[in-house]
Amino acid sequence: MDTKSHWDKVYAVKAPDAVSWYRPHLETSLALMERAASSHSAAVIDVGGGESTLVDDLLVRGYRKITVLDVSKTAIEVTKKRLGEAAQQVNWITGDVTEVPLDADAYDVWHDRAVFHFLTNPAHRISYVRQVACAVRAGGHVIVGTFGPEGPTKCSGLEVMRYDADSLHGEFGGRFRLVESSKELHQTPFGTTQQFLYCYCRVE
């Protein structure tokens, strides 16, 4: 099964709050994004936004240049329906982040919670980083959240990568200056915990 089919099936079968990565609000992501984009005129992209409520919270806070990218059309349609008319204020992209065309220097902030750790093929990680380097303006910020060193080894039936701050930053290279990193214990809807690692970088 290809990536798109896999995730379309996951989102078709499971309710938005019945996946392990669900949180009512992505507090850590929101705090980092507000630091990175103090002006609500900043262009932000949420990679793997799927059925996440991050877009809802960004709209409430006054952000208007929001792009949500996800490989699953099913997930995007669920979120559009939830947002109603507000969905028209968002730019939606359906595609694989490692290969979908993205405009150069289009974004001030790139956010990804729980996509990068699914890239177990080194070539896919290289393609991902190239996409970030192309799409984010110099002086912009990149926020990536993955499973930490003590996080799960599989998710949604797929193998995943686990990172500490050095290894995650090392995937991106010197052009991405690490501003800070942090760990978070995520409480899943099933009562278990998952360790997440966040790296917050500035593009030089």
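Numbers here are sequence positions counted from 1.
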Side-chain (R162) to main-chain (G151) donor-acceptor, under 3.5 angstrom: yes
query: Judged by atom type as modelled, is there a donor-acceptor pair below 3.5 Å linking the side chain of T192 to the main-chain atoms of T188?
result: no
Give the minimum heavy-atom separation between [X] and [Y], together with the two atoms involved.
X	Y	answer
L59	Q89	CD2-OE1, 3.8 Å
P152	V160	O-CG2, 3.4 Å
H25	T53	CA-OG1, 3.9 Å
F118	C155	CE2-O, 3.5 Å
A106	A43	O-CB, 3.4 Å
V97	V115	CG1-CG1, 4.2 Å

- request: Kindly assign one of parallel, tilted or perpendicular to the pair Y128 and F116, based on the angle between their ring planes and the thresholds 30° and 60°.
  value: perpendicular
task: May I ask you to decide if the ring planes of Y11 and W7 are parallel, tilted or perpendicular, using 30° and 60° as cut-offs?
output: tilted
Working to the nearest 0.5 angstrom, can you tell me the gap between [X] [atom1] and [Y] [atom2]?
X	Y	atom1	atom2	answer
H6	S72	NE2	OG	10.0 Å
R64	S41	CZ	OG	12.0 Å
M161	L168	CE	CG	10.0 Å
T146	L119	OG1	CG	10.5 Å
N91	I45	CG	CD1	8.0 Å
I126	Q131	CD1	CD	13.5 Å

With a 4.0 Å cut-off on N to O distance, would you call [X] and [Y] a salt bridge?
X	Y	answer
D96	K4	no
E204	R175	no
E51	K81	no
R137	D108	yes

message: So if I apply the side chain to side chain donor-acceptor pair (under 3.5 Å) rule between S29 and each of R113, R23, H111, which one comes out positive?
response: H111
Count I, L, V, M, F, W, Y as connected when their side-chain heavy atoms are under 4.5 Å apart, and connections chain through other members. Are [X] and [Y] then in the same cluster?
X	Y	value
L32	F196	yes
L178	V136	no
L83	L69	no
W21	V78	no
Y198	V179	yes

Quick check: do [X] and [Y] have side-chain heavy atoms less than 4.5 Å from each other?
X	Y	answer
V44	L58	yes
D46	V55	no
D164	P149	yes
I93	T67	yes
D56	L54	no
V109	I143	yes
Y63	E34	yes
R61	L30	yes

- prompt: Would you say the side chains of D8 and S5 form a donor-acceptor pair under 3.5 Å?
  reply: no
field: Donor on one side chain, acceptor on other, T193 and Q187, under 3.5 Å
entry: no
message: Determine whether E99 and R130 satisfy the following criterion, salt bridge (charged side-chain N to carboxylate O under 4.0 Å, His left out), listing intermediate values before the conclusion.
response: CA-CA 10 Å; E99 58 188 24; R130 284 176 179 160; over 6 Å; no
task: Apply side chain to side chain contact (heavy atoms under 4.5 Å, CB included) to the pair L26 and S52, showing each step before the final yes or no.
output: CA-CA 8 Å; L26 300 184; S52 165; 3.5 Å; yes
- prompt: Among Y107, F176, Y200, whose ring-ring contact (aromatic ring centres under 6.0 Å, His included) with H141 holds?
  reply: Y200
field: From CA spacing to verdict: side chain to side chain contact (heavy atoms under 4.5 Å, CB included), S181, H169
entry: CA-CA 9 Å; S181 64; H169 181 237; over 6 Å; no
query: Ring centroid separation for F147 and Y163, is it under 6.0 angstrom?
result: no
Look at atom [atom1] of [X] and say whether more than 12 heavy atoms of other residues, nucleotides or ligands are closer to it than 6.0 Å.
X	atom1	value
N121	CG	yes
E150	CD	no
K80	NZ	yes

task: Applying side chain to side chain contact (heavy atoms under 4.5 Å, CB included), run through V203 and V142 and close with a yes or a no.
output: CA-CA 7 Å; V203 180; V142 178; 3.8 Å; yes
task: Could you check V132 against F172 for side chain to side chain contact (heavy atoms under 4.5 Å, CB included), going step by step and ending with a plain yes or no?
output: CA-CA 9 Å; V132 181; F172 285 79; 4.3 Å; yes
